[in-house]
Amino acid sequence: LQPILNWLLQDLGVEGPIQGEWADLGPVKTKTLSDRVMRTLDLFPCDLLFIHRDAENQPRQMRLEEVQSAVQGCSQSSSGLGTNFIPVIPIRMTEAWLMISEAALRAAAMNRNGTIPLVMPPIERLEDLPDPKQVLHELLRKASEKRGRRLKEFNPGQVVHQIPQEITDFSPLRQLSGFCALEADLRSWLKQKGKRFRPGAGAHQ
């Protein structure tokens, strides 16, 4: 998600350097989302924390309430977040946000010049897929054009992270409700904090 978040901040015209970092909590286990958030704040002090939760089979509102509850738990500690957090809740799974570029899938599958046709789901229907992860993995297998033993050895899960690195324009995601909610929340936070950005940037097409 980090390339997507960096792109959105830049597309909104946020001024100044963007120093985003994935919060790797290491081997220490945390029991609750609130615990993870507090540990993240201890290890990675930040101006704004993006908290990711896939909706999976639950309504987005339920996941949003989980995030808000976790933040409220942190607010009772010295590491309180206040309003300096943005929920990132892809409908069903994050994988739905990665199926917007056929070229990126071929590159991630290490077969940039592949010619086998890929039947990509319509972007506006990505949130309707019951299992985006399965669909994405099947597309990556097909894009690899591997056969037999080489296909069995190909692990889509190991190359998924490469997909967003191959995409330079994530604006097609503005057709998805989960991404639109993320953008709206980010715009609201920027305005509330008096951050300088281009109000007209990133307008929906």
Side-chain angles (χ1 to χ4, degrees), residues 1-9 11-12 20-26 28-44 46-77 79-100 121-139 156-157 160-161 163-164 170-193 202 204:
L1 285 171
Q2 189 172 336
I4 298 176
L5 298 176
N6 287 343
W7 176 88
L8 180 56
L9 287 164
D11 194 61
L12 289 178
E21 186 174 3
W22 167 255
D24 184 357
L25 302 184
V28 178
K29 293 183 178 181
T30 51
K31 295 182 179 180
T32 66
L33 179 58
S34 184
D35 290 339
R36 292 197 293 276
V37 171
M38 286 191 288
R39 180 164 175 77
T40 296
L41 293 176
D42 289 339
L43 296 176
F44 302 91
C46 58
D47 296 318
L48 175 63
L49 181 66
F50 290 93
I51 303 176
H52 166 234
R53 293 283 284 136
D54 281 342
E56 295 181 340
N57 293 321
Q58 302 298 329
R60 181 184 186 277
Q61 183 61 31
M62 180 177 295
R63 295 304 188 200
L64 179 59
E65 291 172 359
E66 289 179 6
V67 172
Q68 292 172 336
S69 177
V71 171
Q72 289 173 359
C74 294
S75 298
Q76 298 174 4
S77 72
S79 301
L81 262 179
T83 59
N84 299 314
F85 77 98
I86 300 290
V88 183
I89 308 175
I91 303 304
R92 296 200 183 274
M93 302 176 188
T94 304
E95 283 82 0
W97 287 10
L98 302 182
M99 289 183 281
I100 63 172
I123 294 176
E124 68 275 11
R125 299 295 303 275
L126 288 175
E127 292 181 331
D128 298 330
L129 297 175
D131 192 344
K133 182 176 181 178
Q134 180 181 1
V135 174
L136 178 59
H137 284 197
E138 286 300 321
L139 284 170
V160 163
H161 68 279
I163 297 174
F170 290 95
S171 60
L173 291 177
R174 290 191 169 110
Q175 300 178 56
L176 303 180
S177 64
F179 185 85
C180 289
L182 163 64
E183 182 174 0
D185 287 343
L186 182 54
R187 284 177 178 276
S188 177
W189 184 85
L190 290 169
K191 184 177 181 180
Q192 179 183 357
K193 296 299 178 181
H204 289 217

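- When every heavy atom of L9 is checked against every heavy atom of L186, the shortest pair comes out as CD2-CD2, 3.7 Å.
- Residues Q175 and L126 are not in side-chain contact: their nearest non-hydrogen atoms beyond the backbone lie 4.5 Å or more apart.
- Between the CG atom of L98 and the CD atom of E95 there is a distance of 6.5 Å, given to the nearest 0.5 Å.
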task = Could you walk me through whether M93 and D131 pass the side chain to side chain contact (heavy atoms under 4.5 Å, CB included) test, one step at a time?
result = CA-CA 8 Å; M93 302 176 188; D131 192 344; 3.7 Å; yes

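- By the 4.5 Å heavy-atom criterion applied to side chains, I163 and L136 are counted as neighbours.
- A 4.5 Å side-chain heavy-atom check between V135 and E138 finds every atom pair outside the cut-off.
- To the nearest 0.5 Å, atoms CZ (R187) and CG (L182) are separated by 11.0 Å.
- Contact record, D47 with W189: O-CZ2, 3.7 Å, taken as the closest heavy-atom pair.
- Below 30°, between 30° and 60°, or above 60°: for W7 and F170 the angle between ring planes is above 60°, a perpendicular geometry.
- Within the structure, salt bridge (charged side-chain N to carboxylate O under 4.0 Å, His left out) pairs that include any residue of residues 30-40 do not occur (at least two apart or interchain).
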task = Dump the intermediate steps for side chain to side chain contact (heavy atoms under 4.5 Å, CB included) on L49 and V71, then the final yes or no.
result = CA-CA 11 Å; L49 181 66; V71 171; over 6 Å; no

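- The side chain to side chain donor-acceptor pair (under 3.5 Å) search around T94 returns H52, D54, not counting sequence neighbours.
- The side-chain heavy atoms of R174 and L8, taken from C-beta on, include a pair separated by under 4.5 Å.
- Residues I91 and A96 come closest through the heavy atom pair O-CB, 4.3 Å.
- L43 CG to L25 CG: the interatomic distance, rounded to the nearest 0.5 Å, is 6.5 Å.
- Contact annotation: the side chain of L176 never approaches that of P90 to less than 4.5 Å [non-hydrogen atoms, C-beta and beyond].
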inquiry  = The test is side chain to side chain contact (heavy atoms under 4.5 Å, CB included); show your working for L129 and M99 and say whether it passes.
reply    = CA-CA 11 Å; L129 297 175; M99 289 183 281; 3.7 Å; yes

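- Counting heavy atoms from C-beta outward, V67 and F85 have side chains that approach closer than 4.5 Å.
- Separating the CE atom in M62 from the CD1 atom in I89 is a distance of 11.5 Å, to the nearest 0.5 Å.
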inquiry  = Let's go through F179 and I4 carefully: what are the C-alpha distance in whole Å and the side-chain angles of both, what is the deciding distance for side chain to side chain contact (heavy atoms under 4.5 Å, CB included) to 0.1 Å, and is it a yes or a no?
reply    = CA-CA 10 Å; F179 185 85; I4 298 176; 3.8 Å; yes

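- Every residue meeting the side-chain contact (heavy atoms from CB on, under 4.5 Å) condition with P156, not counting sequence neighbours, appears here in chain and number order: H137, L140, R141, F154.
- For E66, the side chain to side chain donor-acceptor pair (under 3.5 Å) partners two or more places apart in sequence, or in a different chain, are R53, R63.
- Without hydrogens or angle criteria, R60 side chain to G178 main chain gives no donor-acceptor distance under 3.5 Å.
- Using a distance-only test at 3.5 Å, with no hydrogens or angles considered, a donor-acceptor pair links the side chain of E127 to the main chain of S177.
- Looking at residues two or more places apart in sequence or on another chain, you find no side chain to side chain donor-acceptor pair (under 3.5 Å) involving E21.
- For Q2, the side chain to side chain donor-acceptor pair (under 3.5 Å) test picks out no residue, with sequence neighbours left out.
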